[in-house]
2 protein chains.
Amino acid sequence: MSMKKTLRAATAGDLPGGARGARKQLTRERLLDAALTLMSAGNSFPGLSLREVTREAGVVPTAFYRHFRDMDELGLALVEECGLTLRRLLREVRKAGVPTTDIIRHSVAIYWQYVRAHPRHFRTAASERHGGSPTMRQAIRTEVEHFVREMAQDLRMLGYRADLPSSALEMICTLVVNTMLNAASDILDLPPDQPQLAREMEASFVAQIRLIFLGAAQWRADGGGAV
Amino acid sequence: MSMKKTLRAATAGDLPGGARGARKQLTRERLLDAALTLMSAGNSFPGLSLREVTREAGVVPTAFYRHFRDMDELGLALVEECGLTLRRLLREVRKAGVPTTDIIRHSVAIYWQYVRAHPRHFRTAASERHGGSPTMRQAIRTEVEHFVREMAQDLRMLGYRADLPSSALEMICTLVVNTMLNAASDILDLPPDQPQLAREMEASFVAQIRLIFLGAAQWRADGGGAV
DNA sequence: TGTTTCAGTGAACAAGTGTTGACAAACGAT
DNA sequence: ATCGTTTGTCAACACTTGTTCACTGAAACA
């Protein structure tokens, strides 16, 4: 009966314990990986074709449907993966502490290195954040909002600007995150053998973040201020 | 001979005086317009097909080659058009004056209205700035750099932070422009009948710009500061 | 051990793609 | 008025695309 069928499928197929589920998840990851590689090679997601992805992954086109209904579903999985990478980044920077000048420079250095370590995830995130299909755009937007909220909570726990409401902290973090993602795109477009340009860009990035926190230190909730 | 040919082509074809050049430029604009429309309808540029564009423009596919060598060339023309729109925006905001709190609010209001008046240009610019083909990305980057430099010059002429070097002013303007373009993308993704959300978003945008200028007012070239 | 379930294969399809070449008609220059 | 130039059209090509169906073989279960 159909009940029996679904039950078996649940026990054998979904759980990664068996060799069967492991093999499935492996080719699933190969598909995601192929898409990621193709995207960071110049193509943008809506420009990818299903066959192209399967070709790069080394499977026959029809095998695609065993893992995703269509390309949009793969896109969402991709976004989720990028979000995970972002989350790990936050966990790594979290040790840095309150953003004073030196700590900003330090955090930026971590970020820099992190972006270079996960170029495809960051290129994808930056690429599909505003471009691409509205579906993917919305998914990334949600992911970024989560990230911003988490970052704001971190600042709060560190006692940073305890007088400000959460909305203000989130506004500040939004600015920071936008600057981060813009910078990531810039980093990844650098010719790989231009350390001079890279240093300049990093310095400019540090300056921007510094300026933001300079403004944040002066921020008044009521809209007053020196400007 | 070929000399004669090129001469005639130069006098008759390129100059928009005759009815011939006018007709050509008209369908050229129809092609650009079609691409712009399709892009703001959910497609991203690399997802557009040549035939799709010509269909939307109301011409036969082969007519495309009379105007552009391939889609990339059309993309570059599109970027140029977007850059022109940005330039006009700057000319309009230029009357606003030195960025104090009220003037920021005013400028943002102008910007808001401007984005809503040219949704397709801004969606395209935001969309292809980080996504899309590297060719188009580079073109937009150049266009944005021009814009930033112009804006920095404006600030300088207004006597804003006359003590800072141009590089610092440009860094500040880069931050502003990035924030602007991010906001544009957010605006255009709003459901059209949510004035409450729109107001909140505009307020957040004003706050971000305000915070940037708050930081800019405190900025010291040597890297010192309150933070 | 025998049966079922299912990830991956292979062939085939209708539809859409970029690009080519020859051709018609309108225009500009002579 | 004539002739070359040029914009746009038509027909056709060699491919690629997404999706379908029946299939194979091996793992998971009984």
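Just so we're on the same page: letters track the sequence lines, and every chain starts at 1. What's counted below: heavy atoms across the whole structure, side chains too, no hydrogens, waters or symmetry copies.
For the pair A:R120 and A:E81, the salt-bridge criterion is not met [side-chain N within less than 4.0 Å of a carboxylate O]. For A:R141 and A:E128, the salt-bridge test fails: no basic side-chain N is under 4.0 Å from an acidic carboxylate O.
Spacing between atom CZ of B:F64 and atom P of C:dT20 amounts to 13 Å, rounded to whole angstrom units. Look at CD on A:Q25: it is 18 Å from P on D:dA27, rounded to the nearest Å. Atom-to-atom, CG of B:D70 to C1' of C:dT20 comes out at 16 Å; the value is rounded to the nearest Å. Remark: C1' of C:dG18 and CZ of B:F68 are 17 Å apart, rounded to the nearest angstrom. For the pair A:R23 CZ and D:dA28 P, the computed distance is 11 Å after rounding to whole Å. Whole-Å rounding puts the A:E52 CD to C:dT17 P distance at 16 Å. Per the geometry, NE2 belonging to B:H67 stands 13 Å off P belonging to D:dT6, to the nearest Å. Per the geometry, CD belonging to A:E56 stands 13 Å off P belonging to D:dT17, to the nearest Å.
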Next item on the list: Given side-chain hydrogen bond (donor to acceptor under 3.5 Å, both in side chains), test A:R199 with A:Q196 step by step and report yes or no.
Entry: CA-CA 5 Å; A:R199 268 194 299 270; A:Q196 180 57 28; 3.3 Å; yes
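Both A:P61 and A:R66 lie near DNA chain D, and the one whose nearest nucleotide falls closer to the 5' end is A:P61.
Contact annotation: side chain of A:T62 to base of D:dC21, donor-acceptor pair absent below 3.5 Å.
No side-chain N or O of B:Q113 forms a donor-acceptor pair with one of B:R116 less than 3.5 Å apart.
A donor-acceptor distance shorter than 3.5 angstrom exists from the side chain of A:Y114 to the backbone of A:T85, with no hydrogens or angles considered.
Within the 4.0 angstrom heavy-atom criterion, base atoms lie near B:V60.
In this structure, of D:dT17, D:dT19, C:dG8, it is D:dT19 that holds the atom nearest to the side chain of A:Y65.
Classified by interplanar angle (parallel below 30°, tilted 30° to 60°, perpendicular above 60°), the ring pair B:F205/B:Y111 is tilted. Ring planes of A:H118 and A:H121: parallel class, angle under 30° (limits at 30 and 60°).
Residues of residues 26-51 of chain A that place a heavy atom closer than 4.0 Å to DNA chain D, in numerical order, are A:S49, A:L50, A:R51.
Taking side-chain N and O atoms only, A:R55 has a distance below 4.0 Å to OP1 or OP2 of D:dT17.
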